Amino acid sequence: SALIESETSTLIAGTTNGQLPEGIVEITSNAYNGNNITSLEVPASVKIIGANAFANCQMLEKVTFAEGSTPESLGQSAFAGCTSLKSINIPSSITKIEDNTFDGCASLNSVEIEGSNIEIGQYAFRGNESLAEFDFSKISSIGRFSFDGAGLTTLTLPDNVVSLSEGAFANSSFESVDLTQNTQLVGLSAQTFRGCEALESVLIPSQYLTIGEYCFSGCSALSQVSFEDNSSLHTIYDNAFNSCTALQSITFPASLRYIEGYAFVNSGLTTINFSGENLERIGEYSFSDSSLTGEIVFPSSLKEIEQDAFFGNDITSLVFEGNIENIRSSAFSQNNNLSSVIFYGEEVVNIEYMGLPNPDTICIYVPEQSVDDYRSTLTSYSERIFVGEGSFEQNNLLFAVIEDNHLIVLGVTDENIETIAIGESVVYEGESYVVTAIDNNAFSGLTSLKTLTLPSTVNKIGTTILQGCTSLNLIVFAPENTT
């Protein structure tokens with residue numbers, strides 16, 4: 001029989017038949033912990049259900065509250081570990097679902113809440129892998145890891161939710177989430193959607209200021225991240241999109257100021273775009289070991305790129321639109337096809353340790369008034385520093401300005417070219433330039449090249465310029481202009 005303290009009508013220990021005596025007011029902590037009951041009806045007289053009261057009742061499938069029930073509280077872990085429990089109806093008198101209340105209820109597939117403005121404590125529904133749907137229209141706050149590992153497949157976050165804590169939906173089964181119906185939240189906490197491996201897309205609401213640490217980390221199917229117009233986002237925190245391997249492209253909002261360390265490490269990103277002039281810092285390893293290719297243009301507002309930020313990608317060109325102050329060690333290491341770096345700012349940037357590839361092949365472009373300062377400061381790259389905003393193409397040849405209207409031939413635009421005839425001078429954008437140098441490896445690997453004509457104005461020829469030109473049979477050193 002049940003053990004009851006008569007003076008307070010408190011049930012201390014229950015029976016295995018699940019019959020609770022009428023008139024009891026409180027079910028004390030651990031009263032049925034580990035019991036073999038299969039069903040339970042809570043009498044209307046019960047006001048308090050203590051911590052762990054029905055925890056680990058692994059055969060318990062059904063819980064009902066008698067008509068007219070007005071319990072005041074469900075204790076922490078009250079039904080934790082009830083692995084067979086399938087459904088629960090929570091009376092309107094309950095205003096908070098305490099910590100771990102239904103933690104580990106793997107069979108729970110239906111939760112009906114009669115009240116409103118309900119607080120959900122931490123780990124409350126953790127591991128509820130059968131819980132595919134949940135009505136959040138009656139919820140005001142969602143605690144830490146409250147739905148960690150739940151089976152939820154869709155999420156529409158309504159306006160009544162005013163607090164969303166760390167890891168709230170981590171490791172859930174979401175395929176889609178709609179955050180835009182809520183105007184109360186101003187950011188996503190750390191680990192909110194961490195490990196949601198089925199999540200494919202997310203639209204970040206315009207009022208969000210931050211995306212927390214590890215927020216989408218491990219969301220391996222996430223292929224689209226977009227931002228509402230007039231975004232207020234200013235910070236993406238550490239590891240926010242770590243290992244989002246399906247994410248190939250992202251355009252950051254104009255409001256963004258900080259991308260913190262490891263934010264997109266090990267992602268599938270091939271292209272990134274900065275749309276505004278507010279970005280100040282890109283943190284360490286933030287894009288390392290991703291798949292970035294082609295050109296990256298950094299806004300004039302950018303002041304610092306921390307160490308190894310872009311380590312291990314396949315970037316070919318960098319453009320810095322302003323006076324960046326610091327590029328830390330190995331920021332661009334292991335981008336082996338990086339061939340061009342353009343600085344629009346006049347202040348000299350120390351790039352000795354930023355991880356550029358072989359100084360015999362990289363081309364660095366700087367403003368004309370800064371050329372001498374760059375060459376005297378960056379002695380390792382002094383012969384690779386050119387004037388202007390990059391190379392230009394004319395007649396299938398690529399040129400760069402050395403200084404004082406002198407040009408160097410960098411290479412060709414047609415790998416199948418058979419005849420190259422370089423003239424003494426080139427007119428570009430109304431200016432006349434003299435060709436005085438041929439770059440290292442300028443024509444190497446051109447297997448179709450048969451004839452090469454060099455002008456008399458050339459006074460410097462780089463190394464291995466004709467390596468692999470197996471069809472070449474004629475080189476002409478022209479005594480005068482051939483154009």
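Numbers here simply count residues along the sequence, with the first being 1. Fair warning: this is a prediction, and the values are worked out from it, not measured in the lab.
- Atom CG of residue L292 and atom CG of residue L269 lie 6.0 Å apart, to the nearest 0.5 angstrom.
- Listed here is the closest heavy atom pair of S340 and I342: OG-CG1, 4.0 Å.
- Residue L179 comes nearest to L188 through the heavy atom pair CD1-CD1, 4.2 Å, listed as atom of the first residue, atom of the second, then distance.
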Could you walk me through whether I296 and F287 pass the side-chain contact (heavy atoms from CB on, under 4.5 Å) check? CA-CA 12 Å; I296 297 180; F287 294 94; over 6 Å; no
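- Side-chain atoms of F147 and L155, non-hydrogen and from C-beta on, never get closer than 4.5 Å to each other.
- With contacts defined as side-chain heavy-atom distances shorter than 4.5 Å, the pair N336/P357 does not qualify.
- Here the side chain of S275 pairs a donor or acceptor atom with the backbone of F252 at under 3.5 angstrom.
- The closest donor-acceptor contact from the side chain of S130 to the backbone of A106 lies under 3.5 Å.
- Note: L131 CG to S107 OG = 11.5 Å, rounded to the nearest 0.5 Å.
- Of the possible polar contacts, one joining the T270 side chain to the Q248 backbone as a donor-acceptor pair under 3.5 Å is found.
- Sequence neighbours left out, the pairs with a member in residues 304-320 that pass side chain to side chain donor-acceptor pair (under 3.5 Å) are Y285-D308, E295-S317, E304-R328, D314-N337.
- Checked by atom type and distance alone, the side chain of N441 never pairs as donor or acceptor with a backbone atom of T361 at under 3.5 Å.
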CA sep, side-chain torsions, deciding dist, call: L338, I362, side-chain contact (heavy atoms from CB on, under 4.5 Å): CA-CA 7 Å; L338 182 59; I362 190 79; 4.0 Å; yes
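- Between the side chain of E228 and the main chain of S206, a donor-acceptor pair closer than 3.5 Å is present.
- Judged by distance alone, with hydrogens and angles left aside, the side-chain atoms of N266 form no donor-acceptor pair with the main-chain N or O of N242 at under 3.5 Å.
- Side-chain contact check for Q184 versus Q207: every heavy-atom pair is 4.5 Å or farther apart.
- Defined by atom type and a distance below 3.5 Å, a donor-acceptor pair is missing between the side-chain atoms of K62 and S87.
- F65 is not listed as a side-chain neighbour of I90, based on a closest heavy-atom distance of 4.5 Å or more.
- Here the CG-CG distance, from L410 to L398, works out to 6.0 Å after rounding to the nearest 0.5 Å.
- Shown here are the side-chain hydrogen bond (donor to acceptor under 3.5 Å, both in side chains) partners of Q181, two or more places apart in sequence or in another chain: D178.
- Aromatic rings of F298 and F310 (six-membered ring for Trp) have centroids within the 6.0 Å cut-off, being under it.
- A side-chain donor-acceptor contact under 3.5 Å links S290 and S267.
- Note that the CD1 atom of I351 and the CG atom of L378 stand 5.0 Å from one another [nearest 0.5 Å].
- S39 has its side chain out of reach of E61: every pair of non-hydrogen atoms, C-beta onward, lies at least 4.5 Å apart.
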Full working for side-chain contact (heavy atoms from CB on, under 4.5 Å) between L209 and T235: CA-CA 7 Å; L209 302 176; T235 305; over 6 Å; no
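- Classification of the Y258-H234 ring pair by plane angle, with boundaries at 30° and 60°, yields perpendicular.
- Evaluation of the ring pair (Phe, Tyr, Trp, His ring centres under 6.0 Å) rule for F102 yields F79, F125 as partners, not counting sequence neighbours.
- Under a 4.0 Å N-O distance rule, the pair E280/R257 qualifies as a salt bridge.
- Annotation: cation-pi pair R126/F145 absent, no NZ/CZ under 6.0 Å from the ring centroid and within 45° of its normal.
- Using a distance-only test at 3.5 Å, with no hydrogens or angles considered, no donor-acceptor pair links the side chain of N117 to the main chain of N160.
- Under the 30°/60° scheme for interplanar angles, the aromatic rings of F216 and F193 are found to lie parallel.
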S301 and N278: side-chain hydrogen bond (donor to acceptor under 3.5 Å, both in side chains), yes or no, with the steps? CA-CA 6 Å; S301 56; N278 289 296; over 6 Å; no
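- In terms of heavy atoms, I118 sits closest to I94 at CD1-O, 3.0 Å.
- In this model, a donor atom of one side chain and an acceptor atom of the other lie less than 3.5 Å apart for S249 and T271.
- Counting only heavy atoms from C-beta outward, the side chains of L157 and V177 never approach each other to under 4.5 Å.
- A donor-acceptor pair under 3.5 Å links the side-chain atoms of S84 to the main chain of Q58, judged by distance alone.
- S189 places a side-chain N or O within donor-acceptor distance of the main-chain N or O of L164, the cut-off being under 3.5 Å.
- Counting non-hydrogen atoms of neighbouring residues, nucleotides and ligands closer than 6.0 angstrom, the CG atom of N273 exceeds 12 such neighbours.
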I would like to know whether S140 and E119 meet side-chain contact (heavy atoms from CB on, under 4.5 Å); could you show each step before the answer? CA-CA 6 Å; S140 62; E119 297 179 39; 3.9 Å; yes
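- Inspection of the E277 and S300 side chains reveals an N or O donor paired with an N or O acceptor under 3.5 Å.
- Between Y381 and F343, the distance from one ring center to the other does not fall under 6.0 angstrom.
- Heavy-atom contacts from other residues, nucleotides or ligands closer than 6.0 Å to CD of E393 number more than 12.
- Residues F169 and F134 place their aromatic rings such that the two centres sit no closer than 6.0 Å.
- A donor-acceptor pair under 3.5 Å is formed between the side chain of N323 and the backbone N or O of E346.
- Note that CG of L302 and CD1 of I324 are 4.0 Å apart. Values are rounded to the nearest 0.5 Å.
- Between E166 and Q191, the side chains place a donor N or O and an acceptor N or O closer than 3.5 Å (distance only, hydrogens not considered).
- Between A309 and G283, the closest heavy-atom pair is CB-O, 3.5 Å.
- Considering CG of D99 and OG of S146, their distance stands at 10.0 Å, rounded to 0.5 Å.
- Of all the heavy atoms in S291 and G268, the pair that sits closest is CB-O, 4.1 Å.
- Between L318 and F332, the shortest heavy-atom contact is CD2-CE2, 3.5 Å.
- Side-chain atoms of I250 and F227, non-hydrogen and from C-beta on, do get closer than 4.5 Å to each other.
- Between R384 and N440 the shortest side-chain heavy-atom distance falls below 4.5 Å.
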